[in-house]
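What follows is a single structure, written as structure tokens, with notes after it.
Hydrogens, waters and symmetry mates play no part in the numbers below; they use all other heavy atoms, side chains included. What you see is a predicted model, and the numbers here were worked out from it, not measured in a lab. To find a chain, count down the sequence lines: A is the first, B the second, and so on, and within it residues start at 1.
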Amino acid sequence: MPSLHALANPARFLRIARPLTPVLFWSGVALVLFGAGAGLFRTPPDYLQGETVRILYIHVPTSWLGMGGWSGIAISSIAYLVWRHPLAMIAARAIALPGALFAALSLATGSIWGRPTWGTWWQWDGRLTSMLLLFFVYLGFMALNRADADRGGDGRIPAIYGIAGSVLLPIIRYSVVWWNTLHQGQSIGLTKSSIAGSLLWPLPFTLLGFTLFFAAIVLMRMRALLGAARAEARMRRMATA
Amino acid sequence: MNPWPFVIAAYGLTFASSAALALWSWLRMRDAEKK
């Protein structure tokens, strides 16, 4: 098992990432398709929400990855600032776009769920507003990274922003506890759930599937960023030769 | 209210944008590794 420091070597990382990318991608796609198919056609409608409950199988994974993506950015930012891992900021930059997309999908699927369930597309309640803020924080991180790269920065400012932004994660997580929100309280936990097993069983498949898919996308984007950095370094060497 | 248009919209949006992200990421990776 390679250590974290060993993986910080770009050449070693690429040797592992190249074969791992298609494995993660295709196993993720297969799990998502199986879980979504089961969620759409194999589970009964909910006694209160009816067929709308089927949105659960994609809304929960997109929300999990919207938040999980920022956890990845925060951990990478800490690794960059503390240990100066050469791949840490590349990982953070690679996570930003899929993280932002999944946060947006969480908001969109939640809104689509809300219209027939709550009778409204949107409410400025704690959970929805804090998730929207996370989406804007992602956009800010991407803009900051671009500005930092344009000015020849060393990535320290985006890394500090990456750590500071993680303050939103507990706010999102506990918003349904701290405030009286339209969004339901936590109904799914690791050990127990208030949702019936006959409805819940496809969720682990879509949850794991989207997570593997997300990891494959991050690896693809890291490989793209490393490739671009190598090409730029080569051009610089040729220009100075 | 018929719930199916909402269910189809949520799944369609998620799958279409995930597929677009995957395709774009793969093309960028392929181009960058070719250089």
> What residue pairs, at least two apart or across chains, pass ring pair (Phe, Tyr, Trp, His ring centres under 6.0 Å) with a residue in residues 212-241 of chain A?
Replying inline: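 The answer is A:Phe25-A:Phe213, A:Phe102-A:Phe214.
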
Gap between atom [atom2] of [Y] and atom [atom1] of [X] - 0.5 Å precision:
X	Y	atom1	atom2	result
B:Ile8	A:Ile112	CD1	CD1	11.5 Å
A:Arg12	A:Leu87	CZ	CG	11.5 Å
A:Ile16	A:Leu20	CD1	CG	8.5 Å
A:Tyr80	A:Ile73	OH	CD1	15.5 Å

> Is it true that atom CE of B:Met1 has more than 12 heavy atoms of other residues, nucleotides or ligands lying nearer than 6.0 Å?
Replying inline: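 Correct, the count exceeds 12.
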
>> I want to check something: taking the side chain as every heavy atom from C-beta on, are A:Pro158 and A:Met89 in contact at a cut-off of under 4.5 Å?
In response: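 Sidechains of A:Met89 and A:Pro158: in contact.
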
> Does any N or O in the side chain of A:Trp70 come within less than 3.5 Å of the main-chain N or O of A:Gly162, such that one atom is a donor and the other an acceptor?
Replying inline: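 Pair found, side chain donor or acceptor close to backbone of A:Gly162.
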
> Side chain, backbone, both or neither: which part of A:Ile55 has a non-hydrogen atom closer than 4.5 Å to chain B?
Replying inline: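 Answer is both: backbone and side chain atoms of A:Ile55 are under 4.5 Å from chain B.
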
> For chain B, which of A:Leu14, A:Leu226, A:Leu40 has the most heavy-atom pairs under 4.5 Å?
Replying inline: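 The residue among A:Leu14, A:Leu226, A:Leu40 with the greatest pair count is A:Leu40.
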
> Counting heavy-atom pairs under 4.5 Å to chain B, which of A:Ala36, A:Ala231, A:Ala108, A:Ala228 comes out on top?
Replying inline: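 Winner by heavy-atom pair count: A:Ala36.
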
Between chain A and chain B, which N and O donor-acceptor pairs fall under 3.5 Å? A table would be great.
| residue | atom | partner | partner atom | Å |
| --- | --- | --- | --- | --- |
| A:Arg54 | O | B:Tyr11 | OH | 2.6 |
| A:Arg223 | NE | B:Glu33 | OE2 | 2.9 |
| A:Arg223 | NH2 | B:Glu33 | OE1 | 2.9 |
| A:Arg234 | NH2 | B:Lys35 | O | 2.9 |

> Out of B:Pro3, B:Ala10, B:Ala9, which one racks up the most heavy-atom pairs below 4.5 Å with chain A?
Replying inline: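 Max contact count across the listed options: B:Ala10.
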
